[in-house]
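Here the structure comes first, spelled out in structure tokens, and everything after it is commentary.
Every heavy atom of this structure was used, including side-chain atoms; hydrogens, water molecules and symmetry mates were not. Within every chain, numbering begins at 1; the chains are lettered A, B, ... in the order of the sequence lines, protein sequences first and strands thereafter.
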Number of protein chains: 2
Amino acid sequence: MTRAVNRQHTPPALQRLDTLMPLDGPARAAVTGAIARVRLVEPDQELLSEGQAITHTLLIVDGWAARVRVFPDGRRQILSFLLPGDLIGHCRQDSPCSVSTVIALTEVAICVAPRPAISPALAEAYAISTALDEAYLLAHIARLGRLTAHERICDLLLELLDRFQLSGLADAWAFELPLTQEKLADVLGLTAVHINRMLQLLRKEGELTLKGRQLVLTDPRGLAEKIGHITARVYAC
Amino acid sequence: MTRAVNRQHTPPALQRLDTLMPLDGPARAAVTGAIARVRLVEPDQELLSEGQAITHTLLIVDGWAARVRVFPDGRRQILSFLLPGDLIGHCRQDSPCSVSTVIALTEVAICVAPRPAISPALAEAYAISTALDEAYLLAHIARLGRLTAHERICDLLLELLDRFQLSGLADAWAFELPLTQEKLADVLGLTAVHINRMLQLLRKEGELTLKGRQLVLTDPRGLAEKIGHITARVYAC
DNA sequence: CGCCAGCTTGAATCTACTCAAATCTTGTGG
DNA sequence: CCACAAGATTTGAGTAGATTCAAGCTGGCG
């Protein structure tokens, strides 16, 4: 269950928040405490359903979750990924409810996120996290609207690499990608068959290798340059 | 410049916020005062550019604006529309900066949005507005990812109808659509030529009429039923 | 060993794109 | 009030990228 890259003691979720905004003692203690009390969710289980009232903000500790929309005829679209260190349901409304269903893609560990009132640094980390979330949504819209299948895959993988780097779950080239080609298709608005063909092409081009769940990008920076990918992180100032 | 539907004195921007959350006296006064001091922006002018520091939250008073992303090779994608009563740059960060360029699509009137601290009702209206914004982004992702050209157009027009109804700028069937087919293409991830053909088809099917800038949907509720459109408004509780 | 989910392959099809030209609008100046 | 230019819409023909459907393959696991 331990991820390859993160051998140190800092849990990825804590590391992500700390990277977004250096946390003070109370914040670190609160997050560490929260992370100690996780709930495990099985793959394909719903974490939250559309329209459901939100009582706590949740924090992803481990695993992959996703916001999804399913159409009456069975088409499905993954709206966004939720990865370790990401918040679920963080908003300012009095009685908020979920705007989308959230499901676990792998086994997921979640906990209740400490209240931002505990520490100004924590509040700021949450705010930056929320801003980044929005940047990822906008990037996804541009991806689906204007990129080809080939570009979409590269662009998404570069975003994921970047996101995992924030939490220490990726080094400069590689991270664990536990998604089936069908799920990739559901994020990228394509079919599994076409994802398959494009992944083969990318391998033939030498852009990536995929052994088991381990994804390695040969030259992330060169690839980002080539397809004009700009990391959303730059927007969070 | 006065829009067809809104003959009463309530400005659309005020009406939208008041619809989201009934405003108290101070809030209404503050919004009315703010709306009195508008800045006019010409079509195609930038309201905000990517990465720029945000000093005030802005409120759209009149006209259409959009968040756009332009690729190095000239492809462009409209990420979201900003319509009367919508907020620009409302967030919780200490020193926020814009995650996308915002341009005026028509002549736009904007003002500085009153601070939410003025009134709890206003703060809640802003919070709901922000939540709705996110719901629109998610809806757009699902649209681009999984709907056909025909469905995308219908789905977008239904969303716009719904949004204009919030501010009193649309009745049950019609609103003013000042977009060229090229701009519609830029939102929907299609080409102008294809938008043209699909609009003709929709007219032939009797789903809509388009005289000048006036868009009339023949049977919005039936259409929404047919394509499985769910108004994002339901998510805001 | 055999099953099953996921991956791979091929052929036919279709949706949307490209390019190019014609027509319609709208606004402007003479 | 007409002529003209510029922008926007419309039309047609050919093409490309992605889908569909169907079959075969692979690897992990009971």
- side chain to side chain contact (heavy atoms under 4.5 Å, CB included) between Leu166(B) and Leu132(B), worked out: CA-CA 12 Å; Leu166(B) 279 180; Leu132(B) 256 183; 3.9 Å; yes
- Item | d(CE, Met198(B); C1', dT15(C)) in whole Å | 8 Å
- Item | Pi-cation contact, Phe81(A) with Arg163(A) (under 6.0 Å, within 45°) | no
- Residues in side-chain contact (heavy atoms from CB on, under 4.5 Å) with Arg39(A), at least two apart? Val41(A), Ile110(A)
- Task: Take the protein atom CG of Leu184(B) and the nucleotide atom P of dA16(C), then report the distance between them rounded to whole Å.
- Result: 15 Å
- Starting at atom CG of Asn196(B), determine the distance to atom P of dA20(C), rounded to an integer number of angstrom. 19 Å
- Item | Interatomic distance, Leu202(B) CG vs dT9(D) C1' [rounded to whole Å] | 16 Å
- Query: What is the distance from CD of Gln200(A) to P of dG6(C), rounded to the nearest Å?
  - Reply: 18 Å
- Message: What does the B/S/- profile of nucleotides 19-30 of chain D look like, 5' to 3', with a 4.0 Å heavy-atom cutoff to protein?
- Response: BBB---------
- Item | Nucleotide dG17(D), atom P - distance to CG of Leu188(A) in whole Å | 18 Å
- Note on the structure: Atom CG of Leu201(A) and atom C1' of dG17(D) are separated, to the nearest Å, by 13 Å
- Message: Before you tell me yes or no, could you show the steps for Arg146(A) and Glu151(A) under side chain to side chain contact (heavy atoms under 4.5 Å, CB included), namely the whole-Å CA-CA distance, both residues' side-chain angles and the distance that decides it to 0.1 Å?
- Response: CA-CA 9 Å; Arg146(A) 286 297 181 218; Glu151(A) 293 168 320; over 6 Å; no
- Which whole-number value in Å describes the distance from Glu182(B) CD to dT9(D) P? 9 Å
- Message: Could you check whether Glu159(A) pairs with Arg143(A) (Lys NZ or Arg NE/NH1/NH2 to Asp/Glu carboxylate O, under 4.0 Å)?
- Response: yes
- Message: Just to be sure I understand the rule, does Arg203(A) reach a base, reach only the sugar-phosphate, or reach nothing, if contact means heavy atoms closer than 4.0 Å?
- Response: sugar-phosphate
- Message: Between Leu87(A) and Asp133(A), does the side chain to side chain contact (heavy atoms under 4.5 Å, CB included) criterion hold? Intermediate values first, please.
- Response: CA-CA 9 Å; Leu87(A) 298 168; Asp133(A) 271 359; 5.6 Å; no
